[in-house]
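Atom set for the values below is all heavy atoms of this structure, side chains included, hydrogens, waters and symmetry mates excluded. All values reported here derive from a predicted model rather than from experimental measurement. Here is the naming used below: chain letters follow the sequence lines, and residue numbers restart at 1 for every chain.
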Number of protein chains: 2
Amino acid sequence: MTTTDWQERLRAQGYRLTPQRELVLAAVERLGHGTPDEILHAVREQSEAVNISTIYRTLELLESLGLVRHTHLSDRAPTYHSTTGPDHVHLKCRSCGEVTEADPELFAPMLESLTVEHGFTVDLGHLTVFGLCGTCGVRD
Amino acid sequence: MTTTDWQERLRAQGYRLTPQRELVLAAVERLGHGTPDEILHAVREQSEAVNISTIYRTLELLESLGLVRHTHLSDRAPTYHSTTGPDHVHLKCRSCGEVTEADPELFAPMLESLTVEHGFTVDLGHLTVFGLCGTCGVRD
DNA sequence: TTCGGTGCAAATTTTTTGCACCCGC
DNA sequence: GCGGGTGCAAAAAATTTGCACCGAA
């Protein structure tokens, strides 16, 4: 593979392209979504270790470049996911822990209402909706 | 004030009514919403200190009783709020940090869509929507 | 009197920082 | 070679836990 767009963008802003940065981004894309610690382990499976501090620093950089984003899929840890592919909103089941991705289109009425009622512009990419999935939520 | 409903419910489940538990609940109601640390300081203003471990343990208990709930108003800390008063969804401005409360009614179409499309039952009380408030979001 | 609850301190867990050395450009 | 980037270890934060003592019922 030749130089990609993001790699050029990285350099255009004075940053350097390092193997660690490539590994972390690749790991996030492979995982779908993961916490810093999960990303660390994913990177290790693929190659030699990258230090956890570098994971944190790299995720911060990648997020500032818009290559990854984070949301909170658990009460305790930030979860990063790649911005490659279509936007989506995360649905997290409180019972089984399953994470599904919903079409942002479903949230259009909400965005409209919040704009009209509160002048509020929603950041859908960061949104995670907690609740019960179809399997866990069945009653009677 | 005489014995309230929650106090009886507490005892009905074998728990004891302690001054710490009353202080923590009062602090949460007074603050509107706050992190464990903010609640600790709020309690201290009102009376003698309560240990931070007790704050954590008490919030967990109060949440299991349904007297308080938590959501995530910042990337890092859980924020507790009392369930007294009407339900509401939190809107958090990424720019100025302001937190506003939105009418759950505005989210009805979203709840409906997620039920239909994913069989997903939303927990609105835990929801916090990030974005830009009317003041910060104005462009041009 | 009996346990559940609290304070305290130590242990964990998660994230951030300082700094010497390394390597991309 | 220069200056940003990384590894390492120590520092900070944020929670959790073990345990002896206290006090609500």
Asker: Give a yes or no on whether a salt bridge exists between B:Asp123 and B:Arg69, defined as a side-chain N under 4.0 angstrom from a carboxylate O.
Answerer: yes
Asker: Rounded to whole angstroms, how far apart are CG on B:Leu40 and C1' on D:dT16?
Answerer: 16 Å
Asker: Counting only side-chain N and O atoms of A:Arg76, is one of them less than 4.0 Å from OP1 or OP2 of C:dT13?
Answerer: no
Asker: For the residue pair B:Ser53 / B:Asn51, report whether a side-chain donor-acceptor contact shorter than 3.5 Å exists.
Answerer: yes
Asker: If you assign A:Thr58 and B:Leu17 each to the DNA chain D nucleotide with the nearest heavy atom, which residue ends up on the more 5' nucleotide?
Answerer: A:Thr58
Asker: Atom CD of A:Gln13 and atom P of C:dG24: how far apart are they, to the nearest Å?
Answerer: 20 Å
Asker: What integer distance in Å separates B:Ile55:CD1 from C:dC8:P?
Answerer: 13 Å
Asker: Tell me whether the side-chain N/O atoms of A:Tyr56 come closer than 4.0 Å to OP1 or OP2 in C:dT16.
Answerer: no
Asker: Report the residue (A:Pro36 or A:Arg57) whose heavy-atom-nearest nucleotide on DNA chain C is the more 5′ of the two.
Answerer: A:Pro36
Asker: Could you please name the option among C:dT6, C:dA9, C:dT15 that lies closest to any side-chain atom of B:Ser53?
Answerer: C:dA9
Asker: For A:Glu22, I'd like to know if atom CD has over 12 heavy atoms of other residues, nucleotides or ligands within 6.0 Å.
Answerer: yes
Asker: Is there a donor N/O on one and an acceptor N/O on the other, under 3.5 Å, for the side chain of B:Arg16 and the base of C:dG4?
Answerer: yes
Asker: Aromatic rings A:His81 and A:His90: how do their planes relate, parallel, tilted or perpendicular, breaks at 30° and 60°?
Answerer: perpendicular
Asker: A:Asp75 has an atom CG; how far is it from atom C1' of D:dA14, in whole Å?
Answerer: 14 Å
Asker: Output the rounded distance in Å from CZ (A:Arg21) to P (C:dC23).
Answerer: 15 Å
Asker: Say whether A:Glu29 and A:Thr84, considering side chains only, have a donor N or O and an acceptor N or O under 3.5 Å apart.
Answerer: yes
Asker: Any base atoms under 4.0 Å from A:Ile52, or only sugar-phosphate, or nothing? Heavy atoms, all strands.
Answerer: nothing
Asker: Ignoring backbone atoms, establish whether B:Gln20 has a side-chain N or O less than 4.0 Å from OP1 or OP2 of D:dG23.
Answerer: no
Asker: Closer to the 5' end of DNA chain C via nearest nucleotide, is it A:Pro78 or A:Pro19?
Answerer: A:Pro78
Asker: At under 4.0 Å, does any side-chain N or O of B:Arg11 touch on OP1 or OP2 of D:dA24?
Answerer: no
Asker: For A:Thr18 and D:dG5, is the shortest distance between a side-chain N/O and OP1 or OP2 below 4.0 Å?
Answerer: no
Asker: Can you measure B:Leu62 atom CG to C:dG5 atom P for me and round it to whole angstrom units?
Answerer: 12 Å
Asker: To the nearest Å, how far apart are B:Glu8 CD and D:dA24 C1'?
Answerer: 16 Å
Asker: Nearest-Å distance, CG (A:Asn51) to P (C:dT17)?
Answerer: 15 Å
